[in-house]
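Have a look at the structure below before the remarks.
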Amino acid sequence: CYTYNAMASILSRSRQIDPLKALSKDVPKSRCSFTPGALGFLIRCLGSVGLAEEANELFDEMRLKGLCRPDNYSYNCLLEAVSRSGSIDLMEMRLNEMRKFGWGFDKYTLTPVMQAYCNARKFEEALSVYNTMLEMGWADARVYSMLALSFTKWGEVDKAFELVERMDKQSMSLNEKTFCVLIHGFLKESRVEKALQLFGKMRKAGFTPDVSLYDVLIGGLCRNKETDKALCLFSEMKEFGIQPD
RNA sequence: CCUUCGUGAUGG
């Protein structure tokens, strides 16, 4: 039955949705049993291409037919698939079900849940998940980044920045991509000062900013008529040997 | 013990 997973893995990586759908219908009929790990893996293949509905059906069918006894990992995989599809109600149902079966939550359970609340702009719920993650000591760099990105999307640049400072205190650091996305986001909200501060942190962390960042920062400064600072950045950019475009 | 495919985020 690992044959199914080998196929599913390839199909999902090459985004062959229809064959994957067919495969997911086929698996329960085959009557071969899956370890909780193997089911989780398969569910994850489905989830990664957005087949949350079939992931859901497959999960139940496998359990009802006695072909798999899902465990905490299988549930986490299912929840990840469901949260990514954005159906909050279903996600909450599954969370309750999971608890009912005696499986505890961990950071892999809650991170996608928080993400789903963020995407649905369910502010209260997202924060409440965040707080429990804090209490449990599960709030790591990814969780902070995720929230900071959402705050930025909501126009709450100050709160996002606060989170970044909180990370500093705990000596967690953003990666290059996150810095980049956050700075772009700050500028989209025309918060040039905060963007510059973040830019400073980025360089302190040892990253070399790329052209697009200079481009967008200089643009922002010009719009603010802070041409002196803009020119300053421009010459700095050339010192780094980056070609202006 | 011949059971274990094992996980999460992001812009132009």
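- In this structure, CG of Asn175(A) is placed 13 Å from P of rG11(B), rounded to the nearest angstrom.
- Within the 4.0 angstrom heavy-atom criterion, base atoms lie near Asp71(A).
- In this structure, Gln115(A) atom CD and rA9(B) atom C1' are separated by 6 Å, rounded to whole Å.
- Within the 4.0 angstrom heavy-atom criterion, base atoms lie near Ser212(A).
- The nucleotide whose nearest atom lies closest to any side-chain atom of Lys188(A) is, among rG11(B), rA9(B), rG8(B), rG11(B).
- Base contact: Val143(A) has a heavy atom under 4.0 Å from a base atom.
- Surrounding CZ of Arg69(A) are at most 12 heavy atoms belonging to other residues, nucleotides or ligands under 6.0 Å away.
- Met114(A) has its CE atom 20 Å from the P atom of rU7(B), to the nearest Å.
- Checked options Thr109(A), Thr111(A), Asp71(A); the residue passing with Asn76(A) is Thr109(A) (criterion: side chain to side chain donor-acceptor pair (under 3.5 Å)).
- With rounding to whole Å, Leu67(A) atom CG is found 18 Å from rU3(B) atom P.
- Relative to the ring axis of Phe186(A), Lys194(A) does not place its NZ or CZ within 45° and under 6.0 Å from the centre.
- Residue Asp140(A) places a side-chain atom within donor-acceptor reach of the base of rG8(B), judged by atom type and a 3.5 Å distance cut-off alone.
- Here the P atom of nucleotide rU10(B) and the CE atom of Met146(A) are 7 Å apart, to the nearest Å.
- In terms of heavy atoms, Gly220(A) sits closest to Leu187(A) at CA-CD2, 4.4 Å.
- Closest approach to the Leu149(A) side chain among rU3(B), rG6(B), rU10(B) is made by rU10(B) (side chain taken as heavy atoms from C-beta onward).
- Closest to the Phe41(A) side chain, of the nucleotides rG6(B), rU10(B), rU3(B), is rG6(B).
- If you measure from atom CG of Leu42(A) to atom P of rG6(B), you get 13 Å, rounded to the nearest angstrom.
- Cys180(A) comes within 4.0 angstrom of a nucleotide base, judged by non-hydrogen atoms across all strands.
- In this structure, Met202(A) atom CE and rU10(B) atom P are separated by 18 Å, rounded to whole Å.
- Across all strands, Gly37(A) comes closer than 4.0 Å to base atoms (heavy-atom distances).
- Among the heavy atoms of the strands lying under 4.0 Å from Arg142(A) is at least one base atom, whether or not backbone atoms are also near.
- Nearest heavy atoms, Met114(A) versus Ala126(A): CG-O, 3.8 Å.
- At whole-Å resolution of the value, CZ in Arg44(A) and C1' in rA9(B) are 15 Å apart.
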